Amino acid sequence: MGRRRRRKIVRVLRRRIPKIFICPVCGKRAVTVSISKETGIAHITCGSCGVSGDVQISEGMTSVDAYCTWYDEVLSKGVEIPLEPSSS
Ligand SMILES: [Zn+2]
């Protein structure tokens with residue numbers, strides 16, 4: 001004899017994956033990630049300061065992972081900022 005419990009339908013909680021990220025260079029929320037699944041490369045661009053980069057992603061990685069990888073790279077290696085300071 002089993003107790004029957006009516007189960008509520010399990011709702012799959014899908015966390016919304018943010019599509020715009022904070023730029024480590026200019027600090028603005030303007031970084032977008034576009035993933036090319038064919039090549040396994042995520043292309044990251046900041047719409048504000050124009051900094052960009054590519055990171056290799058593996059299967060199952062999301063844009064958030066790609067962004068984090070890139071973020072770490074920027075912090076450790078530094079990145080070339082396309083906007084040149086006006087001093088010369
Ligand atoms: Zn930026």
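Because the structure is predicted, anything quoted here is derived from the model rather than measured. Whatever order the structure lists them in is the order used to number ligands and atoms, beginning at 1.
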A.B. asks: Between Ile22 and Lys28, is any pair of side-chain heavy atoms under 4.5 Å apart?
C.D. replies: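 Heavy-atom side-chain distance check fails, nothing below 4.5 Å.
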A.B. asks: What are the two closest non-hydrogen atoms of Met61 and Ala66, and how far apart are they?
C.D. replies: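 Closest approach of Met61 to Ala66, heavy atoms only: CE-N, 4.2 Å.
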A.B. asks: Do you know which two heavy atoms are closest between Thr62 and Ile35, and how far apart they sit?
C.D. replies: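 Here Thr62 and Ile35 meet closest at C-CD1, 3.7 Å.
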A.B. asks: For a quick test of reading the model, state the closest non-hydrogen atom pair linking Trp70 to Pro24 and the distance between them.
C.D. replies: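 Taking Trp70 first and Pro24 second, the nearest heavy atoms are CZ3-CD, 3.4 Å.
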A.B. asks: Under 30°, 30 to 60°, or over 60°: which ring-plane class applies to Tyr67 and Tyr71, parallel, tilted or perpendicular?
C.D. replies: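 Perpendicular.
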A.B. asks: For Gly60 and Asp65, which heavy atoms make the closest approach, and how far apart are they?
C.D. replies: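 Distance-wise, the nearest heavy atoms are O-OD2, 4.3 Å.
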A.B. asks: Listing by chain and number, which protein N, O or S atoms are under 2.8 Å from the Zn ion (ligand 1)?
C.D. replies: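 Per the 2.8 Å query on the Zn ion (ligand 1), atoms found are Cys23 SG, Cys26 SG, Cys46 SG, Cys49 SG.
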